[in-house]
Enquirer: 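Before anything else, here's the structure in question.
FYI, side chains are in, hydrogens and waters are out, and symmetry mates aren't considered; it's all heavy atoms of this structure. Convention: sequence-line order gives letters A, B, ...; per-chain numbering from 1.
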Protein chains: 2
Amino acid sequence: MSEPPLSSLAGHFINRASRLLLRRGEPRLRALGISAAQLPVLGTLKDGLPRTQASLAALIQVEQPTMAQLLSRMERDGLVERTPDPADRRSSFVSLTPAAKALLPKAHKELVRGNAEALKGFTDEERDTLVSLLEKVIANLDSPS
Amino acid sequence: MSEPPLSSLAGHFINRASRLLLRRGEPRLRALGISAAQLPVLGTLKDGLPRTQASLAALIQVEQPTMAQLLSRMERDGLVERTPDPADRRSSFVSLTPAAKALLPKAHKELVRGNAEALKGFTDEERDTLVSLLEKVIANLDSPS
DNA sequence: ATGATATGCATAGCATCCTATCTTTTTACA
DNA sequence: TGTAAAAAGATAGGATGCTATGCATATCAT
């Protein structure tokens, strides 16, 4: 009958923080013509190395269909382009368009700004503690159950 | 040109932890016929006090249309029922069905289990630290920008 | 009392996510 | 070499979440 302490339901806080971050960041990114989910793709491709859809999905840790749809929207919006892989007819390489590259500095600035707002009042140590505890959570959940 | 330290992008870790929690929990809850988004609704209504849609949305902190759709699916699935408010023809009271009440113990167990897995290896102090840092993030983001 | 507001919900439209499947190519190995 | 297994994508189907709107009913202020 005893209720566990509220803090043992950490998932609730993680979820809520996650949604608030999106609510805060999305409108600003939308003003740039991009979305939060696209940021990791932009970041991964910004070095100019084209990547396959599968490798993007693996790096960014979303499922392949999620990445497929995300890339479709980004292609529709002129942010990425796909060029067929001559060595493998199933596959193509994804790369940023010049328009997307031009957005990178502003996008990065918004990303940093959103995080800074989330961490307002944190000492560097608190920030590092939060991240390392989250990494521990992620490690716990990332492996098969 | 200097890149900020990775840990200043705490949002990334928060998002990832959030998605992993869902991926872990959803299949188990699905086996019970419910979903993670429904848990807070079940928890809020479990005391038997009927609530309006708007008050549920406020308590659970999702937007009203989100709650409307969630309740629609729950109604479709026989988890909640709405009874019109005689005093206000715009509004109804939402309450759990007996079927939903019967699921509460198992649902609660899965909730606790998922959180326990996420926090595996955590000391009580680490757990509390994580939650209090997340609460600070939430407080930072919850107020208008 | 009545016209302006506020409130409670419903709907439309979209972006992410996920799982489950299917097709097309490649690869591997018997 | 030929067939089975693996890999890369595409698609279907569904749940959440959000913003923007619209409608009906209450409330309030003059």
Side-chain angles (χ1 to χ4, degrees), chain A residues 15-31 33-41 50-77 79-80 82-94 141, chain B residues 15-31 33-41 50-77 79-80 82-94 141:
Chain A
N15 264 283
R16 175 128 179 75
S18 179
R19 276 191 300 117
L20 285 173
L21 270 165
L22 285 179
R23 270 201 229 171
R24 177 74 57 115
E26 287 277 16
R28 296 171 182 171
L29 292 172
R30 192 158 45 242
I34 57 183
S35 73
Q38 296 171 356
L39 283 179
V41 178
R51 304 210 176 248
T52 64
Q53 182 184 108
S55 80
L56 281 170
L59 282 166
I60 291 168
Q61 317 230 54
V62 295
E63 298 300 319
Q64 171 265 320
T66 300
M67 182 56 66
Q69 291 200 329
L70 181 56
L71 290 176
S72 287
R73 287 188 298 268
M74 292 181 76
E75 193 173 23
R76 177 201 65 191
D77 297 345
L79 295 170
V80 300
R82 309 192 212 216
T83 52
D85 178 350
D88 186 336
R89 271 186 293 170
R90 293 169 304 179
S91 163
S92 4
F93 293 115
V94 180
L141 297 176
Chain B
N15 264 284
R16 176 129 178 74
S18 179
R19 276 191 299 117
L20 285 174
L21 269 165
L22 286 179
R23 269 201 229 172
R24 177 75 56 116
E26 288 277 14
R28 295 171 183 172
L29 292 171
R30 191 158 44 241
I34 58 182
S35 73
Q38 296 171 355
L39 283 179
V41 178
R51 304 208 177 250
T52 64
Q53 181 183 109
S55 81
L56 281 171
L59 282 167
I60 291 168
Q61 317 230 56
V62 296
E63 298 301 319
Q64 170 265 320
T66 300
M67 182 55 65
Q69 290 202 330
L70 181 55
L71 291 177
S72 286
R73 285 188 298 268
M74 292 180 77
E75 193 173 23
R76 177 201 65 191
D77 296 344
L79 296 170
V80 300
R82 310 191 212 217
T83 52
D85 178 350
D88 186 337
R89 273 186 292 170
R90 294 169 303 179
S91 167
S92 358
F93 292 114
V94 180
L141 297 176

Enquirer: So, using salt bridge (Lys or Arg N to Asp or Glu O under 4.0 Å) as the criterion, who are the partners of A:Arg23 when residues are at least two apart?
Expert: B:Glu63
Enquirer: Just the rounded figure in Å: distance from C1' of C:dA10 to CD of B:Glu75.
Expert: 13 Å
Enquirer: Please give, in whole Å, the distance from D:dG17 P to A:Leu20 CG?
Expert: 12 Å
Enquirer: Without decimals, in angstroms, what is the distance between B:Ile34 CD1 and D:dA15 C1'?
Expert: 14 Å
Enquirer: Could I get the full list of side-chain hydrogen bond (donor to acceptor under 3.5 Å, both in side chains) partners for B:Gln69, not counting sequence neighbours?
Expert: none
Enquirer: For B:Ser92, what residues pass the side-chain hydrogen bond (donor to acceptor under 3.5 Å, both in side chains) criterion, not counting sequence neighbours?
Expert: none
Enquirer: Taking B:Val62's backbone N and O only, do any of them form a donor-acceptor pair with B:Thr66's side chain (distance below 3.5 Å, no angle check)?
Expert: no
Enquirer: Produce a footprint string for nucleotides 12-21 of chain C: one letter per nucleotide, 5' end first; B if the base is under 4.0 Å from any protein heavy atom, S if only the sugar-phosphate is, - if neither.
Expert: ---SBBBBB-
Enquirer: For B:Asp88, which residues count as a side chain to side chain contact (heavy atoms under 4.5 Å, CB included) partner, sequence neighbours excluded?
Expert: B:Asp85, B:Arg90, B:Ser91
Enquirer: Sequence neighbours left out, what passes salt bridge (Lys or Arg N to Asp or Glu O under 4.0 Å) with B:Asp77? Give chain and number order.
Expert: none
Enquirer: What's the CG-P distance between A:Leu29 and D:dC18, to the nearest Å?
Expert: 17 Å
Enquirer: Once side-chain hydrogen bond (donor to acceptor under 3.5 Å, both in side chains) is applied, do any residues pair with B:Gln38, and if so which ones, sequence neighbours excluded?
Expert: none
Enquirer: Please state how far atom CG in B:Leu39 lies from atom C1' in D:dT16, giving the value in whole angstrom units.
Expert: 14 Å
Enquirer: Can you check the B:Met74 CE to D:dG17 P distance for me, whole Å?
Expert: 12 Å
Enquirer: Please tabulate, one pair per line, each protein N/O and nucleotide N/O from nucleotides 4-8 of chain D that are separated by under 3.5 Å, including the distance.
Expert:
unit_1: D:dA7; atom_1: N3; unit_2: A:Arg90; atom_2: NH1; d: 2.5

Enquirer: Could I get the full list of salt bridge (Lys or Arg N to Asp or Glu O under 4.0 Å) partners for B:Arg16, not counting sequence neighbours?
Expert: A:Asp142
